[in-house]
Student: 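This is the structure, below, for whatever I ask next.
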Amino acid sequence: MKDLLGKRAFITGAARGIGAAIAIELAERGADIAFSYVRSADAADKLRANLQHLGAKAFAIQADSLDPDAVKASVDDAAYLLGGLDILVNNAGVAFISPLEDMPLDQIDQIIGVNIRAVVLASQAAIPHLGDGGRIINIGSCLAERVAFESVTVYSMSKSALLSFTRGLARELGPRGITVNTVHPGPTDTDMNPADGAGAAAMRSHIALGRYGTAKDVAVAVGFIASPSARHITGTGLSVDGGVNA
């Protein structure tokens, strides 16, 4: 299915995990891809080669989502390299698991800086490049609306902020034919959150389907939201959480 043929997508924080799966999904649907990474240069090179093997133009951009100037520059660089921009996926995110009383300021700042500020700034930078049919897709969390686990207070706060951001920006950009949505993953088997890791059994007990999702599960949802089939969906969220919030 090549329903994104000719589209140009930029995905933040996509060298591995969910971001890499999203890049592959969009490329398989026909899109050309630029993506950012911070330190995983080897993984970024491997992903770029994989995307090119799929027939996509592919560019890796080193950019730290904690750096406001780098965030904005990466969007402009992606648009330049791709010859324009149709899809922005705000995927980069960080998580620190700690009770609030024990969480150091630098971790709080990182969560807010990457999970909220970088999303706002990347979206702001993308808006001038997007035309009718453009897409902004944020990667949220099942914890945005229901905090089912302890010691994730600040992380949950950061993801819940995307709910209002998505709704507000959808109102702003709707008249221009641009949609804004959020995809909310639940526990997903990646190297950062392995299905056989510490605490996974307890987390799995909250999942109605009884199993972790895969990065591909999330990527398919993003691919749908990016596609023409989702042209009348905006200002909302799509949960891919196996029923955590059922």
Side-chain angles (χ1 to χ4, degrees), residues 4 7-14 17-23 25-26 31 33-36 63 65-66 68 71-72 74-75 78 85-95 110-127 129-130 133-146 152 154-174 176-186 188 190 192 213 215 217-227 230-241 244-245:
L4 296 179
K7 299 297 184 182
R8 299 151 300 183
F10 178 48
I11 306 147
T12 67
I18 290 174
I22 291 170
E25 176 71 18
L26 299 187
I33 307 293
F35 64 92
S36 67
S65 291
L66 271 176
V71 170
K72 291 183 281 188
S74 68
V75 175
L85 191 64
D86 303 290
I87 301 163
L88 170 67
V89 182
N90 286 306
N91 170 76
V94 296
Q110 285 184 63
I111 290 173
I112 293 173
V114 175
N115 295 4
I116 302 176
R117 184 181 64 194
V119 173
V120 173
L121 294 180
S123 300
Q124 184 182 49
I127 289 169
H129 299 291
L130 297 173
R135 302 282 192 266
I136 295 177
I137 304 169
N138 306 310
I139 302 303
S141 169
C142 65
L143 297 172
E145 295 187 279
R146 177 171 176 260
V152 292
V154 179
Y155 174 78
S156 299
M157 174 204 70
S158 73
K159 292 302 186 178
S160 68
L162 298 183
L163 299 174
S164 295
F165 180 73
T166 294
R167 293 171 183 139
L169 194 58
R171 288 286 184 185
E172 291 185 24
L173 300 183
R176 291 177 48 183
I178 300 168
T179 69
V180 186
N181 291 285
T182 297
V183 172
H184 296 292
T188 304
T190 64
M192 294 181 65
D217 294 327
V218 181
V220 168
V222 173
F224 167 68
I225 293 296
S227 76
R231 64 187 178 274
H232 205 59
I233 299 173
T234 194
T236 191
L238 175 61
S239 293
V240 188
D241 66 0
V244 170
N245 287 342

Student: Is T234 close to R135 at the side-chain level, that is, under 4.5 Å between some pair of heavy atoms?
Tutor: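 No, side chains not in contact.
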
Student: Assess whether side-chain contact (heavy atoms from CB on, under 4.5 Å) is satisfied between D217 and T188, documenting all intermediate values.
Tutor: CA-CA 9 Å; D217 294 327; T188 304; over 6 Å; no

Student: How far does CD1 of I11 sit from CG of L88, to the nearest 0.5 angstrom?
Tutor: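 One finds 9.5 Å between CD1 of I11 and CG of L88.
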
Student: With rounding to the nearest 0.5 angstrom, report the CZ to CG distance, R8 to L26.
Tutor: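 CG of L26 is found 14.0 Å from CZ of R8.
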
Student: Give the intermediate values and the outcome of side-chain contact (heavy atoms from CB on, under 4.5 Å) for residues T182 and I137.
Tutor: CA-CA 5 Å; T182 297; I137 304 169; over 6 Å; no

Student: Run L163 and E145 through side-chain contact (heavy atoms from CB on, under 4.5 Å) and show every step you take.
Tutor: CA-CA 9 Å; L163 299 174; E145 295 187 279; 3.6 Å; yes

Student: Once rounded to the nearest 0.5 Å, what's the spacing between atom CZ of R167 and atom CG of N181?
Tutor: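 One gets 11.5 Å once the value is rounded to the nearest 0.5 Å.
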
Student: Of the non-hydrogen atoms in A161 and I116, which two are nearest, and what is the gap between them?
Tutor: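 Closest approach of A161 to I116, heavy atoms only: CB-CD1, 3.8 Å.
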
Student: State, with a plain yes or no, whether a side-chain heavy atom of I87 is found less than 4.5 Å away from one of I136.
Tutor: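 With C-beta onward as the side chain, the pair stays apart.
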
Student: At their closest point, which heavy atom of P68 faces which heavy atom of L121, and how far apart are they?
Tutor: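 Closest approach of P68 to L121: CB-CD1, 3.6 Å.
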
Student: State which residues pass side chain to side chain contact (heavy atoms under 4.5 Å, CB included) with R176; sequence neighbours excluded, sorted by chain then number.
Tutor: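 With neighbours one apart ignored, the set is I127, L173, I178.
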
Student: Using the rule side chain to side chain contact (heavy atoms under 4.5 Å, CB included), only one of I225, V183, I139, T12 pairs with V89; which is it?
Tutor: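 Output: one option passes, namely I139.
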
Student: Could you tell me which non-hydrogen atom of A122 sits nearest to which non-hydrogen atom of V75, and how far apart they are?
Tutor: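 Residues A122 and V75, closest heavy atoms: O-CG2, 3.8 Å.
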
Student: Where is the tightest heavy-atom contact between A92 and N115, given as atom of each residue plus distance?
Tutor: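 Of all heavy-atom pairs spanning A92 and N115, the closest is O-OD1, 4.4 Å.
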
Student: For C142, is there any backbone N or O sitting under 3.5 Å from a side-chain donor or acceptor partner on N245?
Tutor: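 Such a contact is found between N245 side chain and C142 backbone.
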
Student: To the nearest 0.5 angstrom, please state how far the NE2 atom of H184 sits from the OG atom of S160.
Tutor: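 Reported value, rounded in 0.5 Å steps: 10.0 Å.
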
Student: Suppose we screen for side chain to side chain donor-acceptor pair (under 3.5 Å). Which residues come up paired with R117, at least two apart in sequence or across chains?
Tutor: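 Listed in chain order: nothing, the list is empty.
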
Student: Please check if atom NZ in K159 has more than 12 non-hydrogen atoms from other residues, nucleotides or ligands closer than 6.0 Å.
Tutor: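 Yes - once you tally the heavy atoms of other residues, nucleotides and ligands closer than 6.0 Å, there are more than 12.
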
Student: Show your reasoning for whether side-chain contact (heavy atoms from CB on, under 4.5 Å) applies to R231 and T179.
Tutor: CA-CA 7 Å; R231 64 187 178 274; T179 69; 5.9 Å; no

Student: Between T166 and N138, does the side-chain hydrogen bond (donor to acceptor under 3.5 Å, both in side chains) criterion hold? Intermediate values first, please.
Tutor: CA-CA 8 Å; T166 294; N138 306 310; 3.1 Å; yes

Student: Provide the closest heavy-atom pair for V240 versus A221 in the form atom of the first, atom of the second, distance.
Tutor: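 Answer, listing the atom of V240 first, then A221: CG2-CB, 3.6 Å.
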
Student: Roughly how far, to the nearest 0.5 Å, is the CZ atom of F224 from the CG atom of L238?
Tutor: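 With rounding to 0.5 Å, CG (L238) is 7.5 Å from CZ (F224).
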
Student: What pairs with A78 under side chain to side chain contact (heavy atoms under 4.5 Å, CB included), at least two apart in sequence or on another chain?
Tutor: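 Scan of A78 (side chain to side chain contact (heavy atoms under 4.5 Å, CB included), adjacent residues dropped) gives F10, A34, I61.
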
Student: Enter the distance from M157:CE to I111:CD1 here, rounded to the nearest 0.5 Å.
Tutor: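 Interatomic distance, M157 CE to I111 CD1, rounded to 0.5 Å: 7.5 Å.
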
Student: Any side-chain donor-acceptor pair under 3.5 Å between N90 and S123?
Tutor: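 Yes, a side-chain donor-acceptor pair sits under 3.5 Å.
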
Student: So do the side chains of Q110 and L66 get within less than 4.5 Å of each other, counting heavy atoms only?
Tutor: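 Q110 reaches L66 side chain to side chain.
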
Student: For S239 and D241, indicate whether the former's side chain and the latter's backbone hold a donor-acceptor pair under 3.5 Å.
Tutor: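 Here the side-chain-to-backbone pair does not exist.
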
Student: How far apart are the closest heavy atoms of A215 and G17, and which atoms are they?
Tutor: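 So the minimum-distance heavy-atom pair works out to CB-O, 4.0 Å.
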
